[in-house]
Amino acid sequence: MAIKKLLFILIISMAILSACSGETTEEKIHNHLEEAVSLEEGFESQQSEITKLEKEEQKLYSQIIDLGMDDFDKIKELSSQAIEIIDERAEKIAKEKESIDASQEEFNKTQDLIENLEDPDVKDKAEKMDEIMDNRYEAYNTLHTAYTKSLELEKELYTMLQSEELEQEELTAQIDTINESYQHVLEANEQFNENTVEYNALKEEFYKLAEIDVTYEENPSADSSEGK
C-alpha cells in the first residue's frame, strides 16, 4: 500500500508584500503559515523513499507466495530481506513524523496572533482555518499510528514465514489482520486528505480577505493506492 500516492500536501504560496515600517498581524500569520508548509518538505521527501521501499517489499512478498516448502531456505532468505525493508520504512516514517511535528509547532504560533485580528471576517476565517489544520494534524497522528501498527504486523508475518511449523490457518489469519489494519490506514488517510484540501481552500480565502497578495506553486494530486 503506497501512502505516497494517497497524500495531498499543503499548497505553497509566495506573498508579494508592500514595503512598510512593520508587518501587520495578518502578514505575521502568513509568515508562520508558510514556514509550516516549508517544514513539511521533509515529510514530502520521505514519501518517495517510502514508496520505493514498499514496492521492493511487494516484490519480495510476491516471490515468497510463489514458493513451496521445498524452497524453505529461499523463503527464509526473502523474509529476512523483507524485515530489513520494513525496518527502513519505520525509520522513514519516524522522520516523516518529525517533519509534521515541526510543522505543527510552527503553525501553533499563529493562534495568539489570530486572537489579535481586528477585522471580524478575517478573524472568523482564520479561526476556521486553525480548527481544520488542528484536525489535519490529528488525522496525521491517527494515520501514523495505524501505519506503524501495520508495519509491526507485517514484520510478524515475515517472522512467521521463517518457521517450518507454520500452519496455513495461522498464516491466513495474520494476512487478514494486516489487511484490516491497512483499511484503518486508508480511512485515516482519507480524513487527512479531506482536511488538507479544506485547509488549502480556507488559507486562500483568508489571504484574500486579509488582502495579502500571493502566488501559488502547483501541488501534486493524489493517485490510486497499491496493496498486498
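What you see below is based on every heavy atom in this structure, not just the backbone, and it leaves out hydrogens, waters and symmetry mates. All residue numbers refer to positions in the sequence shown, counting from 1.
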Legend entry - Residue pair Leu33 / Met129, side-chain heavy-atom distance below 4.5 Å: yes

Legend entry - Electrostatic pair Lys28:Glu23 at N-O distance under 4.0 angstrom: no

Legend entry - Summary of salt bridge (Lys or Arg N to Asp or Glu O under 4.0 Å) pairs that have at least one residue in residues 160-174, sequence neighbours excluded: none

Legend entry - pair Phe107-Asp130: side-chain heavy atoms closer than 4.5 Å: yes

Legend entry - Short N-O contact, Arg89 and Glu154, less than 4.0 angstrom: yes

Inset, instruction - Taking only Lys NZ, Arg NE, NH1 and NH2, and the carboxylate oxygens of Asp or Glu, determine whether Glu56 and Lys59 approach each other closer than 4.0 Å. - result: no

Legend entry - Asp124 with Lys128: basic N within carboxylate O range, under 4.0 Å: yes

Inset, instruction - Tell me, yes or no, whether the heavy-atom count around Asp112 atom CG, taken from other residues, nucleotides or ligands under 6.0 Å, exceeds 12. - result: no

Legend entry - With Ser79 via side chain to side chain contact (heavy atoms under 4.5 Å, CB included) - residues at least two apart: Ile64, Ile75, Tyr158, Leu161, Gln162

Legend entry - CG/Asp66: more than 12 non-hydrogen atoms of other groups inside 6.0 Å: yes

Legend entry - Tyr137 and Ser103 side chains, donor-acceptor separation under 3.5 Å: yes

Inset, instruction - Taking the side chain as every heavy atom from C-beta outward, state whether Lys123 and Glu115 have any atom pair closer than 4.5 Å. - result: yes

Inset, instruction - Indicate yes or no: does Lys149 engage Glu156 in a salt bridge with an N to O separation below 4.0 Å. - result: no

Inset, instruction - Establish, yes or no, whether a centroid distance under 6.0 Å links the rings of Tyr207 and His30. - result: yes

Legend entry - Side-chain heavy atoms of Lys97 within contact of Asn141, under 4.5 Å: yes

Legend entry - Intermediate values then yes/no, side chain to side chain donor-acceptor pair (under 3.5 Å), Thr172 and Gln168: CA-CA 6 Å; Thr172 300; Gln168 180 62 48; 3.1 Å; yes

Legend entry - side chain to side chain contact (heavy atoms under 4.5 Å, CB included) partners of Glu190, counting only residues at least two apart: Glu194

Inset, instruction - Begin with the C-alpha distance, continue with both residues' side-chain angles, and end with the deciding distance and a verdict on salt bridge (Lys or Arg N to Asp or Glu O under 4.0 Å) for Glu49 and Lys52. - result: CA-CA 5 Å; Glu49 297 181 39; Lys52 180 181 178 181; over 6 Å; no

